[in-house]
Amino acid sequence: MWKQARWEEPLIHEIGDTRTNGFLISKEDVPDVASNVKSRAFKRTVVNMPGLHEIEVVRHFIRLSQMNFGVDNGIMPLGSCTMKYNPKAEVIGQELVETFHPSQDPSTVQGILETLYELQTIFEELTGMDRCSLAVPAGSSGELAGVLMIKKLNIDNGINKDEILVADTAHGTNPASASMAGFKVIYVKSNEEGLLDLNILKNIVSDKTAGLMLTNPNTLGLFEQNILEISKVVHEKGGKLYYDGANLNGILGIVRPGDMGFDIVHLNLHKTFAVPHGGGGPGAAAVCAKNELTDYLPSPVLIKQDNRILIKEPEKTIGKMSSYFGNVGNLVRAYVYLLGLGGEGVRSVAIMSTLATNYLITKLKGVEGLTLFPNNSRIRKHEVVFSAKNAKDSYGVSAEDIAKSILDYGIYAPTIYFPQLAEEAIMIEPTEGEPLYALELLAEALRKIMETARKEPEKIRMSPYNTSVRRIDNVYANKPTTITPTYRVLKRRERGENVTL
Ligand SMILES: Cc1ncc(COP(=O)(O)O)c(C=O)c1O
């Protein structure tokens, strides 16, 4: 069954050859000086590029794109990853910035600097923080910046704190960032309700606690109802509260991390603010802070003085997390998105994402084999986790089988096996942008899959049937013989074909 494909597209190296040329370059009419230069730069081996006609290149990539699935094809309910539809108008704004050079004198690019400054200010307002830096390329990079800021603040104040607390519902990048910054990571368990256990927190927090990293709503889609108490407990020990803002679409414009007691926040613009996500291009993020921590933000930040936008290096900055101002094209996308939404629209993001999640929960109520995790009636915000443990135990159909089967309905697979708290986890984030019929389709597909799983489990175990590639070997890409063009050519030679590298 593995690697069965309904059709297969060869690599471009396999279609091309060394004789074909897709275009003609006019003959050189300047002297060849490069060949006389004794620089190492000119001594590189010639790269063996495949030669193809333009029509072949276009058809190859169109065929590949048709074998693929994206949010423009249909719903992508990946929990935690927020694969929501990104409005196309934002791209126009993004394209406008391509004419600037980041080293241009600030006086000649006041327009774009003003745009970035305004975005910075909107984020400060939305998060309840004093200042933001937009020069961070991803959420995880914002996390690393945040914990490094806490570390530097403590060093400057002569305080020795070497522990970061992380909720057990946290995304894996939280402990990874804390550990990269040199902290010892300590997990705080959730209680049966799926919320951070306040009693356990009180027992773990100590003078060594530099901070607690938390996302609210958490990755179970639940809002931490004890957040003010949590903040008090951490602050009383001199720790800082770090907000993982990846789940901001669940509360956007309704509540602010700053008002919940958080000291630092990162925002993933490729989740909440209309920037493509997951292979769709470079990400973008922001990291924001309160009070004395603003002096430690990654450089640069923008300030407004006498109607001019100035580029400023924060006084005690941890340094740079990104070149220049971050991924400016994406920052402009986020800006256009926010202007399009306006104040009321921003609130509707949170309302609609919460409504979509809870509508889906209602539609899936009573479906045998899918159990809400944790199994309580709390309102979910932007996402929901189900456990397929019963389906696995009763008819041998796993979360992975269900995720594969859903592909046959023209729906992308939800996140599976995360968070690890839930056995056979299926994590769904319908997002605020999906029309009602898409939610109905998702619910109906899941109902049908679970019904088939009960009656004909083998059918689900063998799925998908209608995709360009069926089951793939999950670890193949991590094996040393990853498919490189060289590897493919060597394999073809082994089969006796006369191909050159
Ligand atoms: C809750 C949460 N935190 C942090 C991250 C990391 O963000 P990024 O992928 O931008 O590095 C993610 C990404 O999926 C996430 O879901």
Side-chain angles (χ1 to χ4, degrees), residues 71 76-84 86 123 127 132-148 164 166-181 185 187-188 190 194 196 211-224 241-252 257 262 264-288 298 321-322 326-327 330-331 333-334 353 357 380-385 412-422 425 427-431:
V71 76
M76 286 186 92
L78 271 177
S80 188
C81 292
T82 319
M83 295 296 253
K84 70 179 181 186
N86 301 310
F123 285 155
T127 55
C132 296
S133 164
L134 306 176
V136 269
S140 44
S141 148
E143 289 171 25
L144 181 61
V147 280
L148 286 173
I164 289 278
V166 174
D168 64 356
T169 46
H171 194 262
T173 47
N174 288 192
S177 301
S179 164
M180 273 180 80
V185 175
Y187 281 97
V188 189
S190 304
L196 196 89
L212 166 68
M213 296 178 90
L214 202 62
T215 179
N216 195 19
N218 65 25
T219 53
L220 298 170
L222 295 165
F223 191 85
E224 295 287 349
L241 211 55
Y242 183 93
Y243 186 88
D244 175 341
N247 300 333
L248 204 74
N249 59 335
I251 56 159
L252 200 60
F262 284 91
I264 309 178
V265 176
H266 87 251
L267 305 177
N268 304 52
L269 307 198
H270 46 282
K271 284 163 156 267
T272 312
F273 300 103
V275 172
H277 190 186
V287 59
C288 312
M321 298 301 289
S322 156
N327 289 324
N330 281 345
L331 297 174
R333 275 182 89 119
S353 63
T357 311
R380 266 54 176 185
K381 297 288 180 231
H382 61 299
E383 66 195 0
V384 58
V385 176
Y412 197 79
T415 298
I416 47 173
Y417 301 110
F418 176 76
Q420 286 166 353
L421 289 178
M427 189 188 200
I428 300 178
E429 177 167 6
T431 81

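Every number for a ligand or one of its atoms is a count from 1 in the order of the listing.
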Quick one: CG on Asp244 to CG on Asn268, what's the gap to the nearest 0.5 Å?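 If we round to the nearest 0.5 Å, Asp244:CG and Asn268:CG are 6.5 Å apart.
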
Just say parallel, tilted or perpendicular for the rings of Tyr243 and Phe262, cut-offs at 30° and 60°.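 Perpendicular, since the angle between the ring planes exceeds 60°.
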
Nearest heavy-atom pair of Ser80 and Thr219: which atoms, and what distance?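 Shortest heavy-atom separation between Ser80 and Thr219 comes out as OG-CG2, 4.5 Å.
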
Would you say that Thr169 contacts Pro419 through its side chain, given a criterion of any heavy-atom pair below 4.5 Å between the two side chains?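 No, their side chains stay 4.5 Å or more apart.
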
Donor-acceptor side-chain pairing of Asn249 and Ser353 below 3.5 angstrom: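 The criterion, which ignores hydrogens and geometry beyond distance, is not satisfied for Ser353 and Asn249.
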
Amino acids in close contact with ligand 1, where any non-hydrogen atom sits under 4.0 angstrom away: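 Residue list for ligand 1: Ser80, Ala138, Gly139, Ser140, Glu143, His171, Thr173, Asp244, Ala246, Asn268, His270, Lys271.
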
Could you tell me which residues satisfy ring-ring contact (aromatic ring centres under 6.0 Å, His included) with Phe418, sequence neighbours excluded, listed by chain and number?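 Scan of Phe418 (ring-ring contact (aromatic ring centres under 6.0 Å, His included), adjacent residues dropped) gives His171.
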
